[in-house]
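As the structure is a computational prediction, the values presented were derived from the model and not from experiment.
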Amino acid sequence: MSDSKYNRLPHAGDFESKQGVEVFYLAPKPLPTGATAFSGLRMHRERNEVFLDFALGKAGLEFAVRIAVGSNMGLVIFFFLVSGVAAWARRDKEGFFGGWVDFFATWPIWALIGCLILINAYYLYQSIRQIISHPPIRFNRQRREVAYVRKKGERPLIVPWEEVIACVTVSTVVTQYAVMPSSSLMIGLRDSASGEVVWLTIPVGHLSLAVSEWEALRAYMEEGPEAVPMPLLMDEEFQEGTVAYFQMCRGVYREMHSWPVYAFGFLTIQFCSGWTLPCYFAQWVNRRPKAAFPTSIREWSKPLPAEQHAKPSAELLQQSAELRYALSQGQSLLDYYQVKFSEPEVTTDTEPAQ
């Protein structure tokens with residue numbers, strides 16, 4: 001993916017700002033971030049010494065369903081309140097409540113709400129189809145390669161680990177209630193033959209969580225499974241995205257807050273976003289049969305003798321050591337790249353002597 005700003009493929013440390021979306025690249029090369037390696041969305045389907053499968057889990061799907069339901073309900077509530085104000089301002093012989101019903105029941109309002117529901121349903125369907133019909137992305141640390149199966153019957157896309165593109169994005173979403181930040185982690189797999197980039201976008205609640213998701217992948221590939229901590233809640237029943245986890249969070253929120261805060265800060269918001277319906281839906285989707293890897297990827301996933309393990313490049317080792325030293329000196333990741341890119345490039349005279 002070429003870019004007009006750099007006139008080249010992106011690499012770690014690049015920064016872009018397009019149409020209100022700020023993008024910061026973490027790879028290639030996959031350099032340390034200084035963040036804690038943590039997968040808050042439980043994206044790691046399977047993990048061992050050879051490979052890690054990365055795909056949307058219960059937590060990510062439950063979050064996507066909750067956002068879809070919440071946005072629809074938010075629009076309905078907004079129009080309900082606006083129509084009430086309009087009915088009060090233009091109350092006539094029909095009375096306040098009659099005018100309110102007439103304003104709220106007009107077909108343009110429900111046509112707009114219906115369009116939003118169809119749009120959310122379409123993207124949700126695409127996400128579910130992606131989960132069911134495509135195997136997860138497989139990270140093979142012994143080969144230092146990443147495999148992605150685009151469609152059944154097509155040649156799998158295998159990308160060298162050090163060429164995987166990763167970036168975090170921050171944008172602003174304007175709603176009827178407030179201006180809210182939105183963050184995501186994007187992973188790009190570039191086909192060197194065609195130049196096409198396949199993108200996986202993972203929406204998260206905060207920028208730090210997006211960086212931690214990527215750091216978990218980087219730590220696994222560079223250091224092994226032991227570098228990525230196991231989830232605190234090992235019981236499948238209490239994993240994030242399940243009904244049990246939702247009820248547990250509800251109990252914790254109730255204990256830590258007063259009744260008014262609990263009523264408006266949890267009950268109202270969760271009721272408008274589907275209550276436990278997204279949890280049941282996510283569990284149902286995760287129980288559906290998933291597409292299997294083709295034979296070539298299963299062979300590619302077999303363990304290799306130690307002498308055949310791929311090694312990190314000298315460039316990656318050098319840059320990683322420089323960045324770790326800067327982090328140990330108290331610099332942040334952004335500070336390090338600002339200093340690095342502000343330094344003038346050292347040029348050498350390659351003209352042969354006369």
Got a list of side-chain donor-acceptor pairs under 3.5 Å for residues 75-82, not counting sequence neighbours?
none

Exercise. Taking C-beta and beyond as the side chain, do L209 and S183 meet within less than 4.5 Å on heavy atoms?
Worked result: no
For this session: Please report the C-alpha distance between L9 and R190 in whole Å, then the side-chain angles of each, then the deciding distance to 0.1 Å, and finally whether the side chain to side chain contact (heavy atoms under 4.5 Å, CB included) criterion is met.
Result: CA-CA 10 Å; L9 293 173; R190 181 175 180 270; 3.7 Å; yes
For this session: Indicate the atoms forming the closest heavy-atom contact of G13 with F24, along with that distance.
Result: O-CE1, 3.8 Å
Exercise. So do F54 and V146 actually touch side chain to side chain, heavy atoms under 4.5 Å?
Worked result: no
For this session: Write down the atom of V149, the atom of P294, and the distance for their closest heavy-atom approach.
Result: CG2-CD, 3.7 Å
For this session: State the OH-CG distance between Y337 and L26, to the nearest 0.5 angstrom.
Result: 7.5 Å
For this session: Compare every heavy atom of A27 with every heavy atom of W214, then report the nearest pair and how far apart it is.
Result: CZ2-CB, 3.6 Å
For this session: Apply the side chain to side chain contact (heavy atoms under 4.5 Å, CB included) test between I137 and each candidate in L52, D53, L189; give the one that qualifies.
Result: L189
Exercise. In the single-linkage hydrophobic clustering (I, L, V, M, F, W, Y; side-chain heavy atoms under 4.5 Å), do Y220 and L200 co-cluster?
Worked result: yes
Exercise. Does the side chain of P303 reach to within under 4.5 Å of the side chain of E49, using non-hydrogen atoms?
Worked result: no
Exercise. N48: what forms a side chain to side chain donor-acceptor pair (under 3.5 Å) with it, not counting sequence neighbours?
Worked result: none
Problem set entry | Shared hydrophobic cluster, F246 / V252 (ILVMFWY, side-chain heavy atoms < 4.5 Å) | no
Problem set entry | R138 versus S301, side-chain donor and acceptor atoms under 3.5 Å | yes
For this session: Taking all heavy atoms of L327 and all of Q331, pick out the closest pair and write down the distance.
Result: CD2-O, 3.3 Å
Exercise. Do I202 and E213 come close enough that some side-chain heavy atom pair is under 4.5 Å?
Worked result: no
Problem set entry | With sequence neighbours excluded, residues passing salt bridge (charged side-chain N to carboxylate O under 4.0 Å, His left out) with E163 | none
Seminar exercise, completed: The side chain to side chain donor-acceptor pair (under 3.5 Å) partners of S208 (sequence neighbours excluded) come to H206
Exercise. Is the closest side-chain donor-acceptor distance between S212 and T36 under 3.5 Å?
Worked result: no
For this session: For E322, enumerate each residue passing the side chain to side chain donor-acceptor pair (under 3.5 Å) test, keeping only those at least two apart in sequence or located in another chain.
Result: Q318
Exercise. Which value, rounded to the nearest 0.5 Å, describes the distance between R141 atom CZ and L217 atom CG?
Worked result: 12.5 Å
Problem set entry | Same apolar cluster (I L V M F W Y, side chains within < 4.5 Å links), L277/M248 | no
Exercise. Any chain of hydrophobic side-chain contacts (each under 4.5 Å) joining I269 to V65?
Worked result: no
Problem set entry | Pairs involving residues 64-78, ordered by first then second residue, that meet salt bridge (charged side-chain N to carboxylate O under 4.0 Å, His left out) (sequence neighbours left out) | E62-R66
For this session: Provide the closest heavy-atom pair for A210 versus V168 in the form atom of the first, atom of the second, distance.
Result: CB-CG1, 3.7 Å
For this session: Please answer whether the main-chain N or O of A263 pairs with a side-chain N or O of T268 as donor and acceptor at a distance below 3.5 Å.
Result: yes
Problem set entry | Heavy-atom side-chain contact between L323 and L333 under 4.5 Å | yes
Exercise. Does R254 make a cation-pi contact with Y262, if we ask for NZ or CZ under 6.0 Å from the ring centre and within 45° of the axis?
Worked result: yes
Problem set entry | Listed partners of L316 passing side-chain contact (heavy atoms from CB on, under 4.5 Å), at least two apart | K29, P30, L31, R144, E162, E222, P312, S313, S320
Exercise. Are there more than 12 heavy atoms of other residues, nucleotides or ligands under 6.0 Å from atom CZ of F293?
Worked result: yes
For this session: Would you kindly confirm whether L185 and L207 end up in one hydrophobic cluster when ILVMFWY residues are joined by side chain heavy atoms under 4.5 Å apart?
Result: yes
For this session: Taking the side chain as every heavy atom from C-beta outward, state whether R218 and P32 have any atom pair closer than 4.5 Å.
Result: yes
For this session: Would you confirm whether N140, through its side chain, and W300, through its main-chain N or O, come within 3.5 Å as a donor-acceptor pair?
Result: yes
For this session: Grab the two heavy atoms, one from S39 and one from A216, that are nearest each other, plus how far apart they are.
Result: N-CB, 4.5 Å
Seminar exercise, completed: By side chain to side chain donor-acceptor pair (under 3.5 Å), T276 pairs with (sequence neighbours left out) none
Problem set entry | Minimum side-chain heavy-atom gap V243-Q283 below 4.5 Å | yes
Problem set entry | E299: partners by salt bridge (charged side-chain N to carboxylate O under 4.0 Å, His left out), with sequence neighbours left out | K302
Exercise. For the atom pair CD (E16) and CD (E22), what is the distance rounded to the nearest 0.5 Å?
Worked result: 11.5 Å
Problem set entry | Spatial distance of atom CG (L267) from atom OH (Y253) [nearest 0.5 Å] | 9.0 Å
Exercise. Would you call the rings of W275 and F266 parallel, tilted or perpendicular, where under 30° means parallel and over 60° means perpendicular?
Worked result: perpendicular
Exercise. In Å, rounded to the nearest 0.5 Å, how long is the span from SG of C272 to CG of N72?
Worked result: 11.5 Å
For this session: Mark yes or no for whether D14, through its side chain, and H11, through its backbone, hold a donor-acceptor pair below 3.5 Å.
Result: yes
Exercise. Should M186 and T169 be marked as a side chain to side chain contact (heavy atoms under 4.5 Å, CB included) after you check the CA-CA gap, both sets of side-chain angles, and the distance that decides it?
Worked result: CA-CA 8 Å; M186 296 182 64; T169 67; 3.7 Å; yes
For this session: List, by chain and then residue number, the residues other than V50 in its hydrophobic cluster (Ile/Leu/Val/Met/Phe/Trp/Tyr, side-chain heavy atoms under 4.5 Å); write none if there are no others.
Result: F51
Problem set entry | Partner residues of Y325 under the side-chain contact (heavy atoms from CB on, under 4.5 Å) criterion, sequence neighbours left out | S328, Q329
Exercise. If you round to the nearest 0.5 Å, how far is CE of M221 from CZ of R143?
Worked result: 11.5 Å
Exercise. For D191, what residues pass the salt bridge (charged side-chain N to carboxylate O under 4.0 Å, His left out) criterion, not counting sequence neighbours?
Worked result: R150, R155
For this session: Report yes if some heavy atom in the side chain of C167 is under 4.5 Å from a heavy atom in the side chain of P10; otherwise report no.
Result: no
